[in-house]
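Every value quoted in this text rests on a predicted model; they were computed, and no experiment measured them.
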Amino acid sequence: MNHTTCFALRLALSLADPATADGLAERLRPELLAVLADRLGLPKGMIEELLGGDAAQMRAALFIEPGEWLLGAAELGDPAVGRALWYAVFRDDEEDRRRAMNHVPGLPAALLDAADLTDPRWYEDDGLFPVLCNERVGASLVPLLTSGFPGVNVVGLAVFGVHLPPPVVVDACIGLLELWGSTEPFTQLLELSEEIPALETGHPWLPDLLRQAIDAPDPESLLRAHRPAGEWADPGHLRALLELRYGDGPAVRPDGLDWDLIRREHERLPLGKAPGYSGNYGPGLLRLTGWEGCPADLVRESFRHNAYQTAWQAADLLPFEILAEAAADDIPLSYVLKRGIGEGRLSLDRVLAELTSAVDVLRALPYDHEPTRKAVADLVAPLGADPVNWLTYYDRMRRFPRNSVAALVADVTGPGSRKRRCTSWPRPRKAQFPQGYAPEVSRAAFLGMLECAPEEVQIAVVPHLDPLAVQQFLLEGKPSPTVRDAVAAAHGLPAQLAMAAGSVREDKLEYLLGLDEPAVDAQLFRHHFLGRSERARLLAGRLRGGGTRPVSGELLAELDDMVISQDRDRLLAGLESGDLNVARRILGRLRLYLPAGRLRLLIAVWERGGPDAVREILAMDRLPVTLRRRTEKLLDLPDGLERLRALLAEETAPERLAAYLTRPGDRPDIRLNRLLSEGMEPPWQALVAAHRTEPLSEDLVNTLVTECPDCPRELLLAGLGNSPERWGSWTDTALRNGSLTLEDLLDHTAPAQAALDLLHRYRYGHPDDRFPEETWRPVRERAAALAREHLGTDVEAWSVFLRLLPTFAGTLPELAATAGAVTRVPA
């Protein structure tokens, strides 16, 4: 049963008046039961039995939230329904499938709370309890252990007793005693203790207590004497404990739940370490750290087993000493520091003075946090503007990692400083082309610290950076324009080239382009995705600062290295460059398919280099013979260039371009790509006019709507009737920019089932695809109008509509009209 069938049935039953809808539900009972079974995850026979075969109830079940309906079924406490619910896999939002027991809050608890636990059907081989007995961990155990099951079944207590606090186990034994009226179940429990080690490991005291109870004249009084008063007497407290063991647990500590009880349970059986749990520690201990007042020892233990998440969740609860221990154990501090410092939970002074290593601390600091930058600047102020101090700091930071940031500053500047001082960058490295990952985190740590220093300090230090540090500083840092100019002044063109070799933000790209440096432009052309207009500017030699120059040898070399199968469009950006060397490379490496493209190249060369430059291009023998001869005749004429421009105007006339796109032969996508790559736009008005005269081919329409975001609405509507497999991205764009509406999908999409597919996607699909609720009112009003006009209260017409839907080739309005016509009795 696919989602469109369900969507169509729900839509029909919601649009028809109640009486017609009930009649339609009765007429389509098999289909409706199939939809409900798919939606609710239960067998058709059980759904029919639960609903009593009533059409109105079946119709209501189609619209109720699935979890709500399943919860109501669970509250019946029926053993057969319970078993079915355990295996139910339902559709939560008409798309995603979910296991009922795991995703409907309170469903297992409602089922077990309503159950008659004396009904033997729960314990039969095909009942639910044998299934539950095979469960050892997980959220499904929470309702099981807080229901009456362990208290009425010896095996249940033996298997699950390990998960329960001792007082609750005693309560369960008392319940067995009351139910059986004898100590026979205790004998059975003792026999099972040899087969189920969990009983012994969870409660080693229990076998002796059971033996005493068997021999005691008043077993119940004996058991109650061993039951601490008030401990775990609240069912909500027990449920919270079990959820901590096998789920995330509640977000806040239940009122009255004592920390000492939690700690004792954790000591008896660590939270998340119950039998069958495969991880080191489950999420329960981590969740505890989010409860107000969580004891420090539990926070410490959670941090040791789950440092990252504990630090993120409970940074304000972590004793500073734990951070020091973590640093000593090489646990990265970034999660702790970024949140703890950013939210004011940690002392910056202590972090800089006490935590190690300096590299890790400096790398973890939130430098977009102004107090952090100021604290670092104040700390490193003793280094001054002396490059030797900074270079020495960098050297010692690498060689002596067990020092804090403050300790290293003191070591470099104090009177007892080590004798070895650095006057140049230790172990210099070359810049990377293209820029890759930093080989050492110590570099990034040092440069982050340097950026916090005053500008005059940075200007004094940057001349002494090695080429790789310069590259990192310019690419990954945020130096001010003044400091950036100081870097360029000290390191020259190599620094700018190294910066151009990596991925840079828009502001840095603008800076580099504004240099109008040929070698830098060549690097940017190679390593960056530049828009066509920017590539065209570079290939024309036009300067950002004004004027024009010959295209540089470095950029021409990039053109020579291009892989044409990948970079054809990048090279064609130079079609109107006019630079003779660029034109040579375009014609030498590419075939120009459109006469307009060839003429544009020749005209640009003539305008820039005169007739002699055009003769050099013609001499390459890479243009059609007719065009070469025609151009040669024009070269000596006073108005030759104007005549060539007139030829271009003829070739770029909208009707001529439209004829090129619509002619039979090559695939439309290839022709469109050629048109766009050679610098022309689709002639939309001419294409729309041609489409009105004779509809464009399906392939061409599909190509235009898919490849051109500015495709006119008339062609977009035509595209809705073609090739459903190509819908998606282009319909998304058209809907988002307002070229199409949701009503257009209903009215113009064909086949009809594809229209419902699209509408379903935008109604129930991925959250990123869905449209706001208010945008659906016009769609519903339009659908209701169609239903009233063509189907009315005729159950047969509605039935025909739904039965024809999967195979009907036309639109939804056409389907509605057809269904109404074939069932209407002539007057």
Side-chain angles (χ1 to χ4, degrees), residues 2-12 14-15 91-96 661 668-669 672-673 676 681-685 687-688 691-692 695-787 789 805-806 808-817:
N2 63 49
H3 62 264
T4 305
T5 304
C6 180
F7 182 50
L9 190 55
R10 292 181 68 192
L11 183 62
S14 68
L15 292 175
R91 290 189 183 275
D92 185 29
D93 58 0
E94 299 302 322
E95 191 63 35
D96 294 334
L661 287 174
D669 59 327
L672 178 64
N673 179 263
L676 297 175
E681 296 296 325
W684 292 121
Q685 290 186 351
L687 287 171
V688 170
H691 180 68
R692 291 172 180 170
L696 302 180
S697 71
E698 182 177 306
D699 285 345
L700 177 56
V701 171
N702 288 340
T703 296
L704 293 172
V705 299
T706 304
E707 301 297 331
C708 303
D710 58 340
C711 185
R713 172 179 166 79
E714 190 165 341
L715 296 180
L716 292 173
L717 293 176
L720 289 175
N722 300 335
S723 302
E725 67 274 4
R726 299 188 67 172
W727 295 335
S729 60
W730 75 266
T731 52
D732 292 350
T733 301
L735 288 168
R736 303 294 178 188
N737 65 25
S739 300
L740 290 178
T741 65
L742 293 171
E743 301 97 284
D744 291 330
L745 302 187
L746 186 149
D747 282 335
H748 297 279
T749 303
Q753 179 156 310
L756 286 182
D757 280 336
L758 271 180
L759 290 172
H760 180 276
R761 169 183 173 176
Y762 295 121
R763 183 69 175 85
Y764 295 109
H766 189 278
D768 292 342
D769 294 334
R770 298 177 191 173
F771 278 72
E773 189 66 32
E774 60 269 16
T775 63
W776 287 95
R777 184 179 299 109
V779 183
R780 187 174 182 82
E781 291 173 353
R782 172 63 179 150
L786 285 173
E789 179 182 358
L805 175 63
F808 191 78
T811 63
L812 283 170
E814 291 168 344
L815 174 58

Any donor-acceptor N or O pair under 3.5 Å, side chains Asp699, Ser697: no

Point-to-point distance, once rounded to the nearest 0.5 Å, from OG1 of Thr706 to CG of Asp669: 9.5 Å

Would you call Arg763 and Glu773 a salt bridge, using N to O less than 4.0 angstrom? yes

Rounded to the nearest 0.5 angstrom, the CD-NE2 distance for Glu814 and His748 is 10.5 Å

Would you call Asp732 and Arg761 a side-chain contact if the rule is heavy atoms closer than 4.5 Å? yes

Do Cys6 and Leu9 come within less than 4.5 Å of each other through their side chains, counting heavy atoms only? no

Can you give me the closest heavy-atom contact between His691 and Ala718, atom names plus distance? NE2-CB, 3.7 Å

Atom of Leu746, atom of Pro813 and distance for their closest heavy-atom approach: O-CD, 3.4 Å

Could you grab the distance from atom CG of Leu700 to atom CG of Leu672, nearest 0.5 Å is fine? 8.0 Å

Given side chains that start at C-beta, do those of Trp730 and Cys711 come closer than 4.5 Å, heavy atoms only? no

Taking the six-membered ring of Phe771 (Phe, Tyr or Trp), confirm whether the NZ or CZ of Arg736 is under 6.0 Å from its centre and within 45° of its axis. yes

Evaluate the criterion side-chain contact (heavy atoms from CB on, under 4.5 Å) for residue pair Leu661 and Thr703; output intermediate values, then yes/no. CA-CA 11 Å; Leu661 287 174; Thr703 296; over 6 Å; no

Scanning both residues in full, the closest heavy-atom pair of Leu15 with Arg780 reads CD2-O, 4.3 Å

Looking at Thr749 and Ala754, what are the two nearest heavy atoms and their distance? CG2-C, 4.0 Å

Which atoms form the tightest heavy-atom contact between Leu786 and Asp747, and what is the distance? CD1-OD1, 4.4 Å

Look at the side chain of Asn722 and the backbone N and O of Gly719, then say whether any donor-acceptor pair between them is shorter than 3.5 Å. no

CG of Leu715 to CG of Leu720, rounded to nearest 0.5 Å, is 11.5 Å

All heavy atoms of Leu759 vs all of Phe7, minimum pair found to be CB-CE2, 4.0 Å

To the nearest 0.5 Å, how far apart are CG in Leu805 and CG in Leu812? 7.0 Å

Using a cut-off of 6.0 Å, state whether more than 12 heavy atoms not belonging to Gln685 lie near its atom CD. no

Does the side chain of Tyr762 come under 3.5 Å of the side chain of Thr775 through a donor N or O and an acceptor N or O? no

Can you find a pair of side-chain heavy atoms, one from Asp710 and one from Pro682, that are under 4.5 Å apart? no

Point-to-point distance, once rounded to the nearest 0.5 Å, from CG of Leu696 to CG of Leu704: 7.0 Å

